[in-house]
Amino acid sequence: MIREFTSAEVLFIVMAVRWTLILSAIAFLGGALGGLLIALTRTSASKGLRRMAAGFIQVFQGTPLLMQLFLVYFGLAVVGLPINPLLAAAVALTLHASAYLGEIWRGAIEAVPSGQSEAASALSLSYRDRMRHVVLPQALRLAIAPTVGFLVQLIKGTSLASIIGFTELTRAGQIINNATFQPFLVFGTVAALYFILCWPLSLLARHMEARMRRAITR
Amino acid sequence: MYNFNFQPVFENLDLLGYGALLTIRMSLIAMVLGLIVSMLGAVAKTSGIRPLRWLVDVYVEVIRNTPFLIQIFFIFFGLPAVGISMSPDTAAIVALVINVGAYGTEIIRAGIESIPGGQIEAGKALGLSPVQIFRYVVVKPALRNIYPSLTSQFIYLMLTSSVVSVISANDLASAGADLNARTFASFEIYLVLTVMYFLLALGFSTLFAAIRRNFFSYPASR
Amino acid sequence: ADLAAIESAGTVKIGMLVDFPPFGITDMSGNPDGYDADVAKALAESMGVTAQIVPVTGPNRIPYLLSGQVDVLVASLGITAERAEKVDFSNPYAGISIAVYGDSGLDVADKAGLSGQSISVARASTQDTGVTAVAPEGTDIMRFDDDATAVQALMSGQVKLIGASNVVMSQIAAATGDRFNKKFDLSSQVQGVAVAPGSDALLAKINDFVAEAKSDGTLDAIHEKWLGEPLPEFVKNPK
Amino acid sequence: MTEKAIIMRAVNKYYGAFHALKDIDLTVDRGERIVICGPSGSGKSTLIRTINQLEAIESGTIIVDEIELTAGGDNVTKVRQDVGMVFQSFNLFPHMTVLENCVLAPMKSRKVSRTEAEATARQYLERVKIPEQADKYPAQLSGGQQQRVAIARALCMKPRIMLFDEPTSALDPEMVKEVLDTMIDLAREGMTMLCVTHEMEFARAVADRVIFMDKGVIVEENAPDAFFNNPVNERLQNFLGQIA
Amino acid sequence: MTEKAIIMRAVNKYYGAFHALKDIDLTVDRGERIVICGPSGSGKSTLIRTINQLEAIESGTIIVDEIELTAGGDNVTKVRQDVGMVFQSFNLFPHMTVLENCVLAPMKSRKVSRTEAEATARQYLERVKIPEQADKYPAQLSGGQQQRVAIARALCMKPRIMLFDEPTSALDPEMVKEVLDTMIDLAREGMTMLCVTHEMEFARAVADRVIFMDKGVIVEENAPDAFFNNPVNERLQNFLGQIA
Ligand SMILES: Nc1ncnc2c1ncn2[C@@H]1O[C@H](COP(=O)(O)OP(=O)(O)OP(=O)(O)O)[C@@H](O)[C@H]1O
Ligand SMILES: Nc1ncnc2c1ncn2[C@@H]1O[C@H](COP(=O)(O)OP(=O)(O)OP(=O)(O)O)[C@@H](O)[C@H]1O
Ligand SMILES: [Mg+2]
Ligand SMILES: [Mg+2]
């Protein structure tokens with residue numbers, strides 16, 4: 001049953017990129033919403049809220065994504081909340097991404113000089129308006145490069161969703177390798193595909209970071 | 001409804017404890033070696049030597065844009081083909097060092113570039129050589145500036161190391177997997193493993209905070 | 001799982017491996033295929049429901065079942081005493097014989113010869129249990145996530161020995177000629193369909209299916225299709 | 001309406017354990033111009049920042065325009081609409097043009113229409129003598145121009161009181177004058193002003209009263225002439241000797 | 001040994017296409033004190049930074065202490081050991097105590113022993129009147145104290161020439177005096193000094209010569225009295241009007 005590593009196998013692996021992209025997109029969208037919430041909570045005036053957000057970040061940055069996926073998928077089912085793999089992956093990856101993006105964006109919000117928020121307060125703008133019109137637009141500029149950088153990490157992280165049954169890129173590679181015993185070709189192909197997905201994003205992040213540095217030193 | 005039974009886990013806590021020790025040891029070694037690789041990488045990148053910079057760029061980009069899982073496969077299964085054969089534990093450390101070195105290079109480079117030009121000029125004006133300026137003026141404040149990114153990268157490395165069981169290297173996750181293979185108490189084991197990783201992460205954070213207090217505690221400029 | 005619930009839902013969720021050729025593979029359009037897939041479909045048909053096949057992995061097969069993510073495992077799960085404590089097995093529907101294989105140049109005649117050697121196995125597999133049971137002190141058992149990775153360790157020279165099934169080894173032989181040979185037999189291992197404990201009605205139904213498929217030649221045909229020979233005797237009439 | 005723009009009574013402010021304002025009493029009449037000076041760290045900024053509640057106080061009473069601040073709640077918003085503030089470091093919003101900087105607060109806080117807000121903004125930009133910069137971004141302006149935009153931005157809220165915290169000390173020497181001139185104009189028109197500054201010429205020219213702070217206490221206050229020519233307090237004498 | 005501490009001949013400096021120094025000729029005698037002023041961007045900093053080669057020049061000759069700089073190579077280190085520099089923003093090393101800041105260069109560049117370097121450092125810290133701050137970190141000091149440490153740090157290399165680039169313009173007004181006093185002391189002891197500053201009192205008190213730069217050119221130079229009282233150049237007249 002050993003198969004040759006033919007174009008059909010390559011195609012199989014390439015098709016699996018679809019899942020990698022879907023999972024990444026879900027994680028990123030979920031993480032963006034959750035992350036914004038966490039970032040705002042983390043920088044809010046209430047000490048209790050700040051603590052809660054810090055705890056959330058600590059838990060989800062302090063445990064392997066692999067375990068998070070496992071516990072969400074099997075754990076919820078065990079306690080009587082059966083959950084389908086896509087939803088489980090969405091939940092776990094969203095929690096994971098929320099913690100990381102929340103931390104990145106908190107940094108960006110805090111990097112906006114406090115004088116900006118003070119000036120807005122002195123102009124009698126409400127918290128909402130201050131955030132919406134003054135702080136967040138400036139934080140966004142600072143955050144965009146590290147956010148794109150994190151997206152790369154997220155894309156690679158979706159490979160772990162294979163443990164709950166997704167035939168995404170890494171898993172497809174393993175399956176083909178198990179049939180062909182050609183690790184170099186198979187994992188070379190897989191690595192190349194990840195590189196093609198991630199490298200442009202890395203370049204973009206670096207480009208934006210450099211542009212921002214120039215803007216700041218100007 | 002599933003019946004939780006932590007008995008098998010607690011009976012084998014010594015096994016998991018030993019696994020945790022292995023994870024700590026592996027992570028520490030990888031952090032120290034990774035820091036050295038990162039420093040060399042960052043110096044090479046900020047140096048004027050073009051081919052060197054180019055080489056480091058390729059290294060950094062390839063590693064940062066491919067999953068660790070794939071990297072470790074290559075090192076363990078691929079390198080023997082060119083005559084480099086390592087035990088799983090060594091291969092795991094090598095893979096971790098190579099991986100964290102790439103991220104660390106970028107982080108430390110940013111740290112070096114964060115040092116105000118005035119500091120370097122002051123060093124020059126005092127007649128210090130470039131090497132002396134790097135050694136005495138740049139390194140410490142640079143590390144301090146990027147200390148949070150560097151240490152969270154280290155903790156990320158520790159968490160990432162949970163996948164080294166794929167090449168049968170010994171660590172906390174593989175201790176859990178072995179226990180799982182014997183007892184099939186999967187949820188209980190994963191739950192305990194997750195808690196243990198969390199405690200390890202907390203432990204490392206505490207360690208890093210202590211290092212910061214002791215070595216980077218000079219007052220920040222106002 | 002509850003038989004009545006499955007029947008009223010009209011689908012049965014069946015977990016199977018997709019990285020364990022020829023028992024579980026994916027075809028070129030990405031659908032599960034192989035011996036287990038054919039058995040799974042036949043099982044569903046006999047129950048009068050449609051099969052929803054869920055790909056599972058070796059180490060996570062049992063969690064899938066116990067957490068209710070699948071109703072049934074047709075996942076090349078070898079029947080062992082430890083597993084039987086966690087799940088309920090049907091009568092055997094397939095089987096493999098497992099043995100220690102290794103470099104042709106290496107002289108290992110029996111379990112005592114394992115001492116001082118590195119041997120790879122798939123973690124939590126029947127081979128793992130088998131090798132672990134016989135290995136003397138000083139054997140370095142290296143556990144990988146699946147057979148393919150264990151084989152990879154052998155092919156790349158990281159280990160000289162492997163605990164594997166005849167099926168896997170015949171595939172390797174096809175690719176590598178006489179580089180490796182069999183050292184000694186470990187055991188033959190029968191595989192059962194597994195259900196969560198307390199699914200007695202479902203298990204009875206499955207056992208009916210297995211008995212009928214053995215007698216009417218269904219399993220022979222499927223075995224012939226994937227492994228080139230009829231169902232072996234040790235599966236048909238287990239001790 | 002009383003004659004008092006600001007009344008502070010027994011105001012105390014702490015930063016953690018540090019006692020930054022000690023029993024401050026201060027009353028400011030409508031239309032009065034007050035200059036505050038004192039050594040670094042003496043609490044000048046803290047004092048004026050309590051007036052629009054950028055710093056909360058621990059005890060005492062502050063009444064701004066008949067609104068009691070210590071009562072908390074919605075009053076803060078009303079007071080801030082009435083009190084304009086200009087900072088040492090301008091604090092213009094860098095991602096908005098000059099005009100956008102000026103219309104944001106009137107539109108969002110006072111709910112003025114865009115047309116009206118823009119008309120007001122252009123009028124004040126005219127007043128600070130930079131109408132032609134309306135569509136530029138802050139980074140494209142010199143420091144002096146930026147500070148004048150900051151003044152215009154505050155004026156667009158039509159405040160009845162203006163606070164200035166060292167508005168010229170981040171400026172190149174050549175640009176100080178253009179900003180001071182703008183402030184003198186404003187003073188002449190009768191705006192109630194509290195101004196932390198070391199520009200003693202400015203104090204002499206427009207202040208009704210000069211206040212000297214040290215270590216969180218108002219040590220001396222007087223009309224400019226008396227303040228500069230016959231300082232009573234020894235620390236003030238010292239201070240005047242140093243900055244002259 | 002000649003009487004000339006610094007000789008600059010036909011020095012030109014470009015930043016890309018921008019011509020920052022245009023044919024500068026300047027000779028400084030040993031022990032001479034020179035103040036340089038001029039509008040922002042006129043090239044003052046660039047000029048003094050070419051003297052210790054923080055900026056390389058495109059053409060011309062600079063001879064410092066009989067060492068020709070344009071020849072390149074090892075001379076740079078020797079010149080830098082002989083020329084101390086004090087920056088506007090202090091540039092103390094934040095991770096070292098005051099004492100460590102002062103001993104670093106003597107030990108590493110001049111290879112002096114630690115004991116000797118520390119003795120020298122304490123002596124100069126005494127001179128700038130902050131011996132008690134030796135074990136503090138820069139961030140724990142006021143701006144004026146930091147700048148005095150920076151002066152002491154430069155002096156610890158026993159330079160024969162000192163360059164100052166607006167040493168007081170980042171300071172709070174009250175701290176300007178303590179730094180200027182230190183500089184005046186130094187001047188009285190006969191140190192060769194080039195000082196970019198707008199502190200005209202200082203210029204009057206100690207300068208032998210005041211130089212006015214504009215757009216990369218030395219426009220006027222004269223003894224302080226003549227410079228301030230009878231400025232010839234129109235731009236200088238303007239400039240003096242603005243900063244007074
Ligand atoms: N947010 C803060 N947390 C802790 N201490 C503070 C804070 N803000 C100010 N202080 C302290 O309160 C004191 C008064 O500060 P304030 O800014 O009012 O002084 P100032 O008179 O405005 O000085 P400067 O002329 O330097 O602006 C100082 O000692 C300062 O260190
Ligand atoms: N590194 C550089 N790259 C490009 N242009 C520069 C650089 N440094 C200075 N310049 C330009 O050279 C000119 C002279 O700069 P210089 O710093 O010498 O002025 P200055 O007289 O010291 O001004 P200031 O009073 O603002 O310090 C300025 O127009 C400046 O923009
Ligand atoms: Mg202040
Ligand atoms: Mg300058």
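This one's a predicted model, so the numbers in the text were calculated from it and none came from an experiment.
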*Asks:* Name the region of E:Leu163, side chain, backbone, both or neither, that has any atom closer than 4.5 Å to a heavy atom of chain B.
*Replies:*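 E:Leu163 has no heavy atom closer than 4.5 Å to chain B.
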*Asks:* Check whether E:Arg110 gets within reach of chain B through its side chain, its backbone, both or neither, counting any heavy atom under 4.5 Å.
*Replies:*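 Contact with chain B: none, neither part.
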*Asks:* With only heavy atoms counted, which part of E:Phe87 is less than 4.5 Å from chain B, the side chain, the backbone, both or neither?
*Replies:*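 Answer is side chain: those atoms of E:Phe87 sit under 4.5 Å from chain B.
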*Asks:* Please verify the inter-ring angle class for B:Tyr147 with B:Phe216; under 30° counts as parallel, over 60° as perpendicular, anything in between as tilted.
*Replies:*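 Ring orientation, 0 to 90° scale: tilted.
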*Asks:* Please lay out, stage by stage, how B:Thr105 and B:Tyr59 fare under the test side-chain hydrogen bond (donor to acceptor under 3.5 Å, both in side chains).
*Replies:* CA-CA 10 Å; B:Thr105 293; B:Tyr59 159 59; 5.3 Å; no
*Asks:* Are the side chain of E:Arg80 and the backbone N or O of E:Asn52 linked by a donor-acceptor pair below 3.5 Å?
*Replies:*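 Checked: pair present.
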*Asks:* What orientation do E:His95 and E:Phe93 show, parallel under 30°, tilted 30 to 60°, or perpendicular over 60°?
*Replies:*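 Correct class here is tilted.
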*Asks:* Heavy-atom pairs under 4.5 Å with chain B - which of E:Met85, E:Arg153, E:Lys136 has more of them than the others?
*Replies:*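 Winner by heavy-atom pair count: E:Arg153.
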*Asks:* Can you say whether B:Gln119 sits under 4.5 Å from chain E via the side chain, the backbone, both, or neither, judging by heavy atoms?
*Replies:*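 Both backbone and side chain.
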*Asks:* I'd like to verify something: which residue of B:Gly123, B:Gly127, B:Ser217, B:Pro116 has the highest number of heavy-atom pairs under 4.5 Å with chain E?
*Replies:*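 Among B:Gly123, B:Gly127, B:Ser217, B:Pro116, the one with the most close pairs to chain E is B:Gly127.
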*Asks:* Keeping the roles fixed (side chain from E:Asn101, backbone from E:Met96), state whether a donor-acceptor pair exists under 3.5 Å.
*Replies:*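 The answer is yes, because a donor-acceptor pair under 3.5 Å joins these two groups.
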